Amino acid sequence: MWSQTAVWSKLFSSNPVADYWRDACERSILYWDVLHDRGADYLKHVQSGKPPVLVFDYKIILDGRSLPDPANYALAAILPPAGCPATNPALRPFVVIDPRAGHGPGIGGFKMDSEIGIALQQGHPCYFIMFFPQPVPSQTIESVSRAEYVFLSKVNELHPDSDGKPFVIGNCQGGWAVAMIASVAPELFGPILLAGTPLSYWAGVTGKNPMRYSGGMLGGTWTASLAGDLGHGKFDGAHLVNNFEKLDPANTLWKKPYNLYAKVDTERERFLGFERWWGGHYLLNKQEMEWISQQLFVGNHLVEGKIVSSDQHRVDMRNIRSPIIVFASWGDNITPPQQALNWIPDLYDNADDIRDNEQTIIYCLHNKVGHLGIFVSAGIANREHSEFASALDLIDVLAPGLYEAVIEDVAPGTPGQEYIKGRYIIRFEAREVADILALDDGRADERAFEVVRRVSEINQGIYNRFISPALQAVSSEAGAQCQRQLNPARLERTLISPLNPWLSWLKPAAEYVRTHRQPVSADNPLWKLQEQWSGWIAQSLDRCRDLRDAATEHCFKAVYESPWLASVVGVQPAREARAARSDSWDKQERLQLKRQVLDPAYESGTLADGFVRLLTYVAIGRGIIDERPFNAIRRIMHDIRHEHPMTLMQLKEVARKQVFLVRLDEARALAGLPKLLPEEHRRRQAWQLAHELLALSGNIAPEQQQRLDQVAHALQLDTRAPAAPAILPPAEPPVATAAAAPAAVPAAQASAPAKKAATPRKLAAKAPAKTTAGKPSAAAKPSPAAKPASGKPAAAKPAPSKPAAAKTAKAAAPKASVAKAPAAKTPATGKPAAGNGATKPKTPSN
């Protein structure tokens, strides 16, 4: 009997069923306790005024509510946390604009590894454009744009000495706001990053991207007006959150809650941190939401250039002068790559059209990260955002054109590693507009949205005339507030919160469970069965979603692709071809004037112009530009900053001018090189530095080697003589940061070591100084460890014997440094030129 009892006791103590059910009970209590904490956090967040969910401290500099045209926006300066380097005011400032799409601000600085965190780690001043829960009663989208204009003007005012305008990051909705301001005030912006930003709202792939059909299935924009009237003049951002959650019902109804349940012992903090932002619902004025839905979502007027401000400024994205970086992902179901990129073919016929308009557009596509992951994923922040931040100066001086950014790990044996920052290397590969179109399955399906736009205008007119006045007469703030509290996005938080007295037992029970917790083992058969069931439930919900989306798409196409409906509402039927876009007269006239102005520059210019043209001519057509040659040139600029100060903007101007000249007429540009580099030793130094820069990325391509030989022939250089010492600086000095050169431009700010090094340079420069064309000769820091570089241009004289070598090196130093100054300007041109892909000389008639 006693032995039988012992057996049963042993079986019960190791019974997988008992273990599973004990764990299930404990896990359920802990799960509901986390939801209870979510409700408590929600109530606390509301009572505190819904501040931004930034993990960084900040100080408000400007409050948009006090402006002449008030808006509920503010400019905040981010304060570096402990462990971050002190902010350097001379570095390029970063400005982050978060989306106002139902949630509150803070997603761009939600974690330490974020857009803001990366910038702070590099010492950049960071600013955050935030907003408040309640809009100003008279506020419109134009009020918001004017406030953001004031904020960006203030940032520029605070950093007058930085070598480059602010780097502005627009997340999702913040991206199209940035694009609009940059179109009318391009002088305020440095490079622009549009992260997960929809700009071409009708684009998408058949069988995917069902969100674009929502406007048509609802009959247009009148539902946004209805929600605004029922909200007593305010649109509840929770409606937008509900729409986002409907896109992926499997995640909303099962995956997210089950993930919390399955990982309840470790998932609590991450879940609560995200829900604090996801549950912070903000309001918009009815007029704001009407403008967004009518002008953007359904109207698609931004890329068409049909948006005009009250003071008659037309918003034309072709007016943006700063480099535009577009970051999108194939895993994004809210802003698919087509909606993020198709504005490019909407505005430009080909890459030459982009270059003629002097725009630089860069895009980067991630394979799988979701919409929110673009802003909050630590992996994205540490890879894509950090590389964009590190390569900002290169991006700013890239020649106009279309590029794709490719980021890769640095492999062992990669050439030029001393000029690579971090564990990744970024390169920019020239692309054509056809490459953007190839990401789509055709654009014929977008014709139906023109019918949607016309139907929406008709329905909106009927609503405004007959329904809106009646609803406005009966609506009240009390009724609107009641509707907001009953919204499922809020109700699920308030029901499971300290406001519910029936849950008073939950906290003590959760504390007891945590004290006596006995989690089930991962190899428990019932737990494994549960995991399988979870996967089946998620798959079933995904299948239901796919059926729903397919039915929606078929219904949309049946209605809006009908030629009868198109004819009734006065839209050209989809089956009829539209006329091709023709170039405007003013564009052709502008190009002709530019050619006339720059025509004398073929045979005149500075040494910097000569070197930049040389590198541009050699690198053009290569199609790939990476950071190594540019970082080498920035290092040279840093070394000679006292003798030959040059800012990034000056480098950019020289680069763009020389790229234009080489693209326009390669033969004439090559023939003019001897006049820009009249002295033999300058020619040799420029040729050698170009050779070394090209070799940093690996073996020089045959086409570039052929062009190097053509340059050598044009400059009458003998490349068969023994190689001269390398010109590039050694690897020991630190790579100049984004604004190291501008920060050190004034000679008075030179460091002590730099001043000491200047003495031997001046002494060595006395003899050859007269040979420079009216410019002082500057010597690079002598490097006794420098080794001869194989394949480098020949020296004018045979190499001296050992005793004379040091003397010769000193005498040559000033010459090398002079070449370095112009060299500093090269990367920009050389690289962009490489990406242009144009090898044919162009004549003004082209």
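Model, not experiment: these values are computed from the prediction.
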Which distance, rounded to the nearest 0.5 Å, do you find between the CG of Leu75 and the CZ of Phe128?
10.5 Å

What orientation do Tyr261 and Tyr31 show, parallel under 30°, tilted 30 to 60°, or perpendicular over 60°?
perpendicular

State whether the side chain of Asp57 and the backbone N or O of Leu79 hold a donor-acceptor pair below 3.5 Å, judged by distance alone.
no

Keeping the roles fixed (side chain from His124, backbone from Arg92), state whether a donor-acceptor pair exists under 3.5 Å.
yes

Could you check whether atom CH2 of Trp536 has more than 12 heavy atoms from other residues, nucleotides or ligands sitting under 6.0 Å from it?
yes

Side-chain donor-acceptor pair present, Asn209, Gln339, cut-off under 3.5 Å
no

No-hydrogen, no-angle side-chain donor-acceptor test under 3.5 Å, Trp254 and Ser534
yes

Side chains of Asp248 and Asn333: donor-acceptor distance under 3.5 Å anywhere?
no

Tell me whether Asp441 contacts the main-chain N or O of Thr206 through its side chain, where contact means a donor paired with an acceptor under 3.5 Å.
yes

For Tyr424 and Glu627, which I'm curious about, is there any donor-acceptor pair between the side chains at under 3.5 Å?
no

Give a yes or no on whether Arg517 atom CZ has more than 12 heavy-atom contacts from other residues, nucleotides or ligands under 6.0 Å away.
yes

My understanding is that only one of Tyr282, Phe375, Trp277 makes a ring-ring contact (aromatic ring centres under 6.0 Å, His included) with His103; could you say which?
Trp277

State whether the side chain of Thr335 and the backbone N or O of Gly196 hold a donor-acceptor pair below 3.5 Å, judged by distance alone.
yes

Counting only heavy atoms not in Lys246, do more than 12 fall under 6.0 Å of its NZ?
no

Give the C-alpha distance, both sets of side-chain angles, the deciding distance and a yes or no for salt bridge (charged side-chain N to carboxylate O under 4.0 Å, His left out) between Asp41 and Arg276.
CA-CA 7 Å; Asp41 286 352; Arg276 196 172 295 118; 3.2 Å; yes

Does a side-chain heavy-atom distance below 4.5 Å link Leu54 with Ile116?
yes

Where does the angle between the aromatic ring planes of Phe274 and Trp278 fall among parallel (under 30°), tilted (30 to 60°) and perpendicular (over 60°)?
parallel

Before giving the answer on salt bridge (charged side-chain N to carboxylate O under 4.0 Å, His left out), spell out for Asp37 and Lys507 the whole-Å C-alpha distance, their side-chain angles and the decisive distance to 0.1 Å.
CA-CA 9 Å; Asp37 288 344; Lys507 274 297 175 185; 2.5 Å; yes

Using only atom types and a distance under 3.5 Å, with no angle test, would you say the side chain of Gln483 pairs donor to acceptor with the backbone of Gly231?
no

